[in-house]
Asker: 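Here's a structure for you.
By convention in this document, chain letters (A, B, ...) are assigned in the order of the sequence lines, proteins followed by strands, and residues within each chain are numbered from 1.
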Protein chains: 2
Amino acid sequence: MKMAFDGIDATFVALADPTRRAILARLAQGEVTVMDLAEPFSMSQPAISKHLKVLENAGLVTRGRDGTRRPVRAETKRLRQATAWLEDFCARLEGNYQRLDALLAEMKTVQKD
Amino acid sequence: MKMAFDGIDATFVALADPTRRAILARLAQGEVTVMDLAEPFSMSQPAISKHLKVLENAGLVTRGRDGTRRPVRAETKRLRQATAWLEDFCARLEGNYQRLDALLAEMKTVQKD
DNA sequence: AAGCTATATAACTATTCGGTTATATATAGG
DNA sequence: CCTATATATAACCGAATAGTTATATAGCTT
């Protein structure tokens, strides 16, 4: 359908792939190069570069420059935003049910009277 | 690559689609039927049914039975799990940087001595 | 039982995605 | 300047995705 891009979209798309989540997890140990990732993931270097581009476009990682290397580091701002978005989402959904529960409880009370 | 299914995967895959997020958002107003969704989303009924199947398989919604209708309601448990997962993820990533900062600070101190 | 309504399923299509290999580009070092 | 190394890009491929239309199924209602 291609709906409006709400900013959270790229984040969830990036997180939907297990390889990309694993790459992010690896970054908890510090900066890595492309080849650092290609080896343990038994994946070709171009495949890693593609995943990194997705992560970079989503603002989840940034790239540096160290000679010919392009070290990758995690950025948590967007992840924090996504977390906040999810929390708000849950709250709204649960809020509704609380209201529904309250409504049902009220109806029962009214019936009893 | 098809990595190990870690449970969080289906949740993020489901959330990666803007239509499915919109469906979930719509559920904050309460239960809806398939046709309730098909109309405002200007999408065919089978398309909605497919999205609902994805959401249901991810445990993000459950279906009821009301005559010929199959009302949909949101389930927040998995969303809560995803939120917790994201929070932990952020914490690990930021924790690393804190350690790195501490390390750099320590190195500077040592040099100064 | 017949018909109406809501949903599900099947079959198909176009596009996107995640991977590959081959090649191009850029930077460091002899 | 030449070579080696790290990364990026291009071209391609198969599988998955998101949509469609047509049809089947299931439950009311009369």
Side-chain angles (χ1 to χ4, degrees), chain A residues 1-6 8-27 30-58 60-74, chain B residues 1-6 8-27 30-58 60-74:
Chain A
M1 197 194 176
K2 217 52 180 179
M3 301 190 59
F5 193 99
D6 58 4
I8 216 70
D9 196 275
T11 303
F12 281 127
V13 166
L15 289 175
D17 184 272
T19 299
R20 287 192 289 267
R21 289 199 304 277
I23 288 175
L24 282 177
R26 173 67 181 75
L27 294 180
E31 285 189 353
V32 290
T33 66
V34 173
M35 291 314 291
D36 286 340
L37 293 167
E39 286 168 19
F41 285 67
S42 61
M43 194 175 290
S44 71
Q45 168 262 311
I48 298 289
S49 287
K50 278 194 190 178
H51 281 303
L52 289 177
K53 181 171 285 185
V54 174
L55 289 167
E56 192 176 8
N57 289 340
L60 297 177
V61 304
T62 52
R63 313 292 303 273
R65 168 68 74 181
D66 170 28
T68 65
R69 312 215 178 110
R70 305 290 315 279
V72 190
R73 63 185 150 281
Chain B
M1 197 192 177
K2 218 54 181 178
M3 301 189 60
F5 194 98
D6 59 4
I8 217 69
D9 196 276
T11 303
F12 281 127
V13 167
L15 289 174
D17 185 274
T19 299
R20 286 192 289 266
R21 289 198 304 277
I23 289 175
L24 281 178
R26 173 68 182 76
L27 294 180
E31 283 189 354
V32 289
T33 67
V34 173
M35 291 314 290
D36 287 338
L37 293 167
E39 287 168 19
F41 286 66
S42 62
M43 196 176 288
S44 70
Q45 167 262 312
I48 298 290
S49 286
K50 278 195 190 180
H51 281 304
L52 289 177
K53 181 171 285 187
V54 173
L55 289 167
E56 191 176 10
N57 287 341
L60 297 177
V61 304
T62 52
R63 313 291 304 270
R65 168 68 75 183
D66 170 27
T68 65
R69 312 215 177 111
R70 306 290 315 281
V72 189
R73 65 184 149 281

Asker: Do side-chain atoms of B:Arg20 reach the backbone of B:Ala14 as a donor and acceptor pair under 3.5 angstrom?
Answerer: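 Present.
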Asker: What's the closest nucleotide to the side chain of A:Arg20 if the choices are D:dA18, D:dA8, C:dG18?
Answerer: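 It is C:dG18.
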Asker: Quick check on D:dA8: is either OP1 or OP2 less than 4.0 Å from any side-chain nitrogen or oxygen of A:Ser49?
Answerer: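 Indeed, a polar side-chain atom of A:Ser49 lies that close.
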Asker: So B:Asn57 and B:Lys53, do their side chains get closer than 4.5 Å, heavy atoms only?
Answerer: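 They are in contact (side-chain heavy atoms under 4.5 Å apart), so the answer is yes.
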Asker: According to a strict under-4.0 Å criterion, is A:Thr19 in side-chain N/O contact with OP1 or OP2 of C:dC17?
Answerer: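 Checking A:Thr19 against C:dC17: no side-chain N or O falls below 4.0 Å of OP1 or OP2.
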Asker: What integer distance in Å separates B:Leu37:CG from D:dG19:C1'?
Answerer: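 Distance check: B:Leu37 CG to D:dG19 C1' gives 16 Å.
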Asker: Side chain of A:Ser44, heavy atoms from C-beta onward: which of C:dT20, C:dT7, C:dG18 has the nearest atom to it?
Answerer: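 Comparing C:dT20, C:dT7, C:dG18 against the side chain of A:Ser44, the answer is C:dT20.
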Asker: State, with a plain yes or no, whether a side-chain heavy atom of B:Leu52 is found less than 4.5 Å away from one of B:Leu37.
Answerer: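 Yes - at least one pair of side-chain heavy atoms lies under 4.5 Å apart.
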Asker: Go through C:dT7, C:dA22, C:dA11 for me and flag the one nearest to the B:Lys50 side chain.
Answerer: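 Nucleotide nearest to B:Lys50's side chain: C:dA11.
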Asker: Nearest to the A:Val34 side chain among C:dA6, D:dT7, D:dG19, which nucleotide is it?
Answerer: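 Output: D:dT7.
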Asker: Is there, by distance only and without an angle test, a donor paired with an acceptor across the side chain of A:Gln45 and the base of D:dA6 below 3.5 Å?
Answerer: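 No.
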Asker: Please state how far atom CE in A:Met43 lies from atom P in D:dA8, giving the value in whole angstrom units.
Answerer: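 Whole-Å distance recorded here is 16 Å.
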Asker: Looking only at side-chain atoms of B:Met35, point me to the closest of D:dG19, C:dT7, C:dG18.
Answerer: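 Closest of the options to the side chain of B:Met35: C:dT7.
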Asker: Starting from the 5' end of DNA chain C, give me the residue, A:Val13 or A:Ala47, whose nearest nucleotide shows up first.
Answerer: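 Per heavy-atom nearest nucleotide, the more 5' residue is A:Val13.
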Asker: In whole angstroms, how far is the C1' atom of C:dT20 from the CZ atom of A:Phe41?
Answerer: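 That distance rounds to 18 Å.
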Asker: In Å, rounded to the nearest 0.5 Å, how long is the span from CZ of A:Arg69 to CD of A:Glu31?
Answerer: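 With rounding to 0.5 Å, CZ (A:Arg69) is 11.5 Å from CD (A:Glu31).
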Asker: Phosphate oxygens OP1/OP2 of D:dA8: is one of them under 4.0 Å from a side-chain N or O of A:Arg63?
Answerer: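 A:Arg63 to D:dA8 OP1/OP2: side-chain N or O found under 4.0 Å.
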Asker: Would you kindly compare A:Lys53 and A:Thr68 by the position of their nearest DNA chain D nucleotide and give the one closer to the 5′ end?
Answerer: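 First, find each residue's nearest nucleotide; the 5'-ward one identifies A:Thr68.
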Asker: Rounded to the nearest Å, what distance is computed from the CG atom of residue A:Leu55 to the C1' atom of nucleotide C:dC17?
Answerer: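 Whole-Å distance recorded here is 14 Å.
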Asker: Within a strict 4.5 Å, meaning less than it, do heavy atoms of the B:Leu15 and A:Leu15 side chains meet?
Answerer: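 No, their side chains stay 4.5 Å or more apart.
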Asker: Would you mind reading off the distance between B:Arg65 atom CZ and D:dG27 atom C1', rounded to a whole angstrom?
Answerer: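 The distance from CZ of B:Arg65 to C1' of D:dG27 comes to 7 Å, rounded to the nearest Å.
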Asker: Which whole-number value in Å describes the distance from A:Ile48 CD1 to D:dT9 P?
Answerer: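 Between P of D:dT9 and CD1 of A:Ile48: 16 Å.
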Asker: Roughly, in whole Å, what's the span from CG in B:Asp66 to P in D:dC28?
Answerer: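 B:Asp66 atom CG is separated from D:dC28 atom P by 8 Å.
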Asker: So, does B:Arg70 get its side chain near the phosphate of C:dA8, meaning an N or O under 4.0 Å from OP1 or OP2?
Answerer: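 Result: yes.
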Asker: Using atom CG of B:Asp36 as one end and atom P of C:dT5 as the other, report the distance to the nearest whole Å.
Answerer: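 Spelled out: CG on B:Asp36 to P on C:dT5 is 16 Å.
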